[in-house]
Enquirer: 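Before I ask anything, let me first share the structure, which is written out below as C-alpha cells.
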Amino acid sequence: MEAATIDQPDNNNNNNKSKKNEHMSKGLKRSLVILNCVLLAVGNTAGPLLSRLYFQGGGHRQWLSSWLETGGWPVIFIPLIISYYYRRKHDTLAKPYFMTPRIFAACTVLGLLTGIDDFLYAYGLAFLPVSTSALLISTQLAFTALFAFLIVKQKFTPYSINAVALLTVGAVILGLHGSTDRPANVTKGKYFMGFFLTLGAAALYGFVLPMVELTYMKARQAITYTLVMEMQLVMGFFATLFCTVGMLINKDFQVIPREAREYDLGPVRYYVVLVCSAIVWQCFFLGAVGVIFTVHTLLAGVIIAVFIPVIEVFGVIFFHEEFSSEKGVALALSLGFGFLFLCKGFEKRRIQTRSTMETATIDQPDNNKKGKKNEHMSKGLKRTLVILNCVLLAVGNTAGPLLSRLYFHGGGHRQWLSSFLETAGWPIIFIPLIISYHNRRKHDSLAKPYFMTPRIFAACTILGLLTGLDDFLYAYGLAFLPVSTSALLISTQLAFTALFAFLIVKQKFTPFSINAVALLTVGAVILGLHGSTDRPANVTKGKYFMGFFLTLGAAALYGFVLPMVELTYMKAKQAITYTLVMEMQLVMGFFATLFCTVGMLINKDFQAIPREAREYDLGPVRYYVVLVCSAILWQCFFLGAVGVVFTVHTLLAGVIIAVFIPVIEVFGVIFFQEVFSSEKGVALALSLWGLASYSYGEYREAKEKERARVARELEGTDIVGGLNGA
C-alpha cells in the first residue's frame, strides 16, 4: 500500500506520481524523509550564513555569490556512481541513468529558472539589511502554498493553514523592527531594487517547488530517488551555466584572485568559504527536491520558512548581531509549526478511536456532578445564554480597562478607588434576580427567594476576597506601568488559566484550543515588545518594578480564580442554574467590594473623592459618570466570566479575555490618540486567528458528536427492529 503523506493531493488520475512509492518500504521511505529534511535544514541554515560571510568578509561579486548556490552540482555524481555500482552488481545490463528526454527538457527549464532565482537572491542580499532580506524571503512559503494549490491541487487542512500563518507571522515580526533606514553605502534606488529583486526571488522559488512536483506527476515513468538525484544534477548544471554566463560577462573569474588577496579573513579562508558555500547550497537544493519526492511541496516550503529565525540566532552567535525580542518570538512561532503538523497524525488517530469511546465534549471535564447544570436546559436557551455571557464578557473586558485608563488619564490617583469600581456594581445583579424570583412565584407561591447553600456561600466568600485582591493588584500596577507593558502582563492570564484549569478541573485540550492559547499569548507578547522601554517620567524604578510584579500577580491570581469557580460548580452537590450563578456572582462581588472598601477607608479615599472630582480634567460631572460607568461595565465583565464558565468552560472565558487585549489597544488609538504600531496590527490579526481556530475546533467537535449520536440512534433502531422481527 502506498505510504500516506500529510496534506498529499488525492488524485486518482495521477497514476504516475503514485509509482514513486509503490516499491518503497515504509522504513526506507522514513529514512529518506529524515535524510532530505536534514539536508534541506542544513543547507537552508548554513547557505545564507556562508553567503553573508562572503559579503561581510569583503566579497562584492553578486554573480559569483549566485553561482555558488548551485555550483556544487558535481557532488551529486558521488551518490549516483554508488547507486549505479550497486545496480550493476545485480544486473550487468543496468542502465547508467533513468532520465528520459521529456524529464531532461523539464529539468533544463527548471534549472534556468533556479539560476535566475539564485541571482535575484544574491543581488538583493547585497543591498538589503539582513532582517529585511529574511522577511522578504520568508514570503516564499505563501507563494509556495499558492502555487501548490494552483499547480498540483495541494489540499490544505486546518493544521497546515495554521503552520503557514504562524511561520508567515513569525517572519513578519522579524522585519517589523529591522533597520528602518537603508545601509549607509546603499542609494535609495539600489535599496528598492534589492527589495523587489529579493521579493521576486521568493516568488520565483515558490513557483519552482510545485513545478518540480508537477514534473514528478507528469513523468510517465516510475520516480525513484536515483531519478530525483539525476534531475537535481541537471537542474544544478543549467542553473550554474546561467550564472557562469553572467560571471563571464561581468568578468568575475578574473577578479577572484584579487578578491581573495584582499579578503578580510585571508585568501585560504576565502576559498574555503566558496567551496563550503557550493557544497552546502547543493545540500539545500537536493534536500528540497527530495522532500517533495518523499512527502510534498508544502513541507519543503515550511522547512525553508521555519529556519529563517534559526538563521537569525546563528547570526547572533557567529556575527555578534543583536538578538532582539522579535527574533525570540519568531523562533518560538517557527518551532510551533512542528506541533501543528504532528497534530494531523494525532487527529487521525483520535477520529479512528472515537467510534469505540463515549463521545466526550471538547475541553469539557467529564464530571457527573457538573453535568447537572445543563440537564434541564434546552439547546436554544443554552445557546442564548452562551451568546449573552460572551457579549457581557467582551463588553466588560473592553470597556472596563478603557474607563480605568480614562480615570487615571483625566487626573485620578486613587488605586483603591479604581479597584473598588471593578466590583462595586454588584447590586445591579439584584435586578435580574428579583425578576427571576417574581417569575418563580407566579408558578409556585412557596418558591424560595434564593438557591444558594451555606457550602456555596462559603466558597463564594473566599473567591470574592481573592477577586478583591486581584482588583487591587491590577489597579495598582496600572498606575505605574506603560499601557503596553500592563497589557502584556495581563495577557499572561490566559496561560495561567490554562495551567490551573488543567491542574484543578482536569481541563482537556485539543490541538485547536492549544493553538488558540498559543496565538493569543504570542499576540499579547508582541504588543509589549516595543512598548515604552523606559518607565514613565514620574515613576521611580522601585515603583515601576512593583507595578510590574503586582500586574503579573493579578494575571496569575485571576487565572486561578476562573477554574476555582468551575470547581465550585462541580462540587456544589446541587443542580447549577443560571439564577444560582448570578447569586454566586452577587456574593463574590459583595465580598470583593468589601475588601476594597476596607482599603479605601484605611487610605481615606472616600474623603478625597469630592476634591478629586473638582480637579478632574474633564470636570466633576464627567468624573462621576466615569466612576458609575466603570462600576457597571466591570460588573458585566465578572458576570459574563462566571456565565461563560457555567455555560461552556473555563478556557473559553480565558480566550475571550485574551482576544480583546489588542482590541483595547485599537480603542486606545481611537479615544486616547495613541500610536497604532505595526505590533498592534499583528497582535490584532493573531487574536482574531486564534479565536477562529478555537471556534472551528468547537464547531468541528459539535459536528462529530452529532454524527456519533445519530450513528448510535440508527444502531439502536436496527437492534430493536431485529428483535421485533425475531
Side-chain angles (χ1 to χ4, degrees), residues 44 47-69 112-147 167-209 239 242-243 245-247 249-252 255 281 301 304-305 308-309 311-312 315 319 321-322 324 326-327 330 530 675-682 685:
N44 189 51
L49 291 172
L50 287 170
S51 295
R52 187 184 309 178
L53 180 61
Y54 166 75
F55 287 113
Q56 182 168 305
H60 302 286
R61 318 305 293 184
Q62 289 87 359
W63 276 111
L64 173 58
S65 178
S66 59
W67 186 91
L68 292 171
E69 293 180 31
L112 294 174
L113 290 175
T114 302
I116 297 173
D117 182 78
D118 295 342
F119 175 71
L120 295 177
Y121 173 74
Y123 210 98
L125 187 62
F127 298 127
L128 290 181
V130 170
S131 59
T132 305
S133 177
L135 165 66
L136 294 174
I137 286 297
S138 70
T139 60
Q140 166 268 327
L141 176 59
F143 287 116
T144 299
L146 172 64
F147 287 123
L167 294 170
T168 304
V169 168
V172 168
I173 292 170
L174 281 178
L176 285 179
H177 285 269
S179 176
T180 54
D181 298 325
R182 59 185 181 276
N185 60 339
V186 175
T187 65
K188 188 175 181 179
K190 287 186 176 180
Y191 179 87
F192 280 108
M193 181 173 64
F195 185 96
F196 289 110
L197 287 176
T198 306
L199 189 62
L204 183 56
Y205 202 66
F207 172 75
V208 167
L209 287 177
F242 176 87
C243 296
V245 173
M247 288 183 69
I249 296 173
N250 205 43
K251 299 181 180 180
D252 282 4
V255 176
W281 275 114
I304 292 170
I308 288 174
I311 295 169
E312 299 297 328
F319 299 109
E321 296 178 356
E322 182 182 355
S324 64
E326 293 87 4
K327 292 177 183 177
H530 284 271
V675 177
F676 187 82
S677 64
S678 51
E679 292 84 8
K680 292 177 183 177
V682 173

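None of the values given here were measured: they were computed from a predicted structure. Note: hydrogens, waters and symmetry copies are ignored here, and every other heavy atom, side chains too, is used.
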Enquirer: Just jot down the ring pair (Phe, Tyr, Trp, His ring centres under 6.0 Å) partners of F207, sequence neighbours excluded, or say none.
Expert: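 Once residues adjacent in sequence are excluded, the partners of F207 under the ring pair (Phe, Tyr, Trp, His ring centres under 6.0 Å) criterion are F147.
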
Enquirer: Which pairs with one or both residues in residues 55-66 pass salt bridge (charged side-chain N to carboxylate O under 4.0 Å, His left out), sequence neighbours excluded?
Expert: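 For residues 55-66: R61-D252.
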
Enquirer: Mind checking side chain to side chain contact (heavy atoms under 4.5 Å, CB included) for L197 and listing every partner two or more places apart, or none if nothing turns up?
Expert: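 Per chain and number, L197 pairs via side chain to side chain contact (heavy atoms under 4.5 Å, CB included) with L120, Y123, M193.
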
Enquirer: Test of understanding: with ring pair (Phe, Tyr, Trp, His ring centres under 6.0 Å), list the residues that count as partners of Y121, not counting sequence neighbours.
Expert: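 Result, ring pair (Phe, Tyr, Trp, His ring centres under 6.0 Å) vs Y121: none returned.
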
Enquirer: Which residues satisfy the side chain to side chain contact (heavy atoms under 4.5 Å, CB included) test with L53, sequence neighbours excluded?
Expert: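 Only L50, Y263, L265, V273, F319 meet the side chain to side chain contact (heavy atoms under 4.5 Å, CB included) criterion with L53.
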
Enquirer: If you round to the nearest 0.5 Å, how far is CD1 of I116 from CZ of F242?
Expert: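 Rounded to the nearest 0.5 Å, the CZ-CD1 separation comes to 4.5 Å.
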
Enquirer: Side chain to side chain contact (heavy atoms under 4.5 Å, CB included), that's the test. Do S51 and Y54 meet it? Break it down for me.
Expert: CA-CA 5 Å; S51 295; Y54 166 75; 5.6 Å; no

Enquirer: A side-chain contact here means heavy atoms from C-beta on lying under 4.5 Å apart; do W281 and S66 qualify?
Expert: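 A side-chain contact under 4.5 Å is absent here.
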
Enquirer: Quick one: ring pair (Phe, Tyr, Trp, His ring centres under 6.0 Å) partners of W67, sequence neighbours excluded?
Expert: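 Listed in chain order: nothing, the list is empty.
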
Enquirer: So which heavy atom on A122 is nearest to which on Q62, and how close?
Expert: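 Heavy atoms of A122 and Q62 come nearest at CB-O, 3.6 Å.
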
Enquirer: Would you compute the distance between atom CZ of F119 and atom CE of M247 and round it to the nearest 0.5 angstrom?
Expert: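 One gets 12.0 Å once the value is rounded to the nearest 0.5 Å.
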
Enquirer: Can you sort out the partners of F55 under side chain to side chain contact (heavy atoms under 4.5 Å, CB included), two or more places apart, ordered by chain and number?
Expert: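 Residues passing side chain to side chain contact (heavy atoms under 4.5 Å, CB included) with F55: S65, L125, A126.
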
Enquirer: Kindly write out the residues that satisfy side chain to side chain donor-acceptor pair (under 3.5 Å) with Q140, not counting sequence neighbours, or none if the list is empty.
Expert: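 Side chain to side chain donor-acceptor pair (under 3.5 Å) check on Q140 returns T144.
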
Enquirer: If the condition is side chain to side chain donor-acceptor pair (under 3.5 Å), which residues does T114 pass it with, not counting sequence neighbours?
Expert: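 Testing T114 for side chain to side chain donor-acceptor pair (under 3.5 Å), a comparison that skips the adjacent residues, returns none.
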
Enquirer: Where do L113 and L204 land on the side chain to side chain contact (heavy atoms under 4.5 Å, CB included) test, with the steps shown first?
Expert: CA-CA 8 Å; L113 290 175; L204 183 56; 4.2 Å; yes

Enquirer: Can you sort out the partners of Y205 under side chain to side chain donor-acceptor pair (under 3.5 Å), two or more places apart, ordered by chain and number?
Expert: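 Y205 satisfies side chain to side chain donor-acceptor pair (under 3.5 Å) with no residue once adjacent residues are dropped.
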
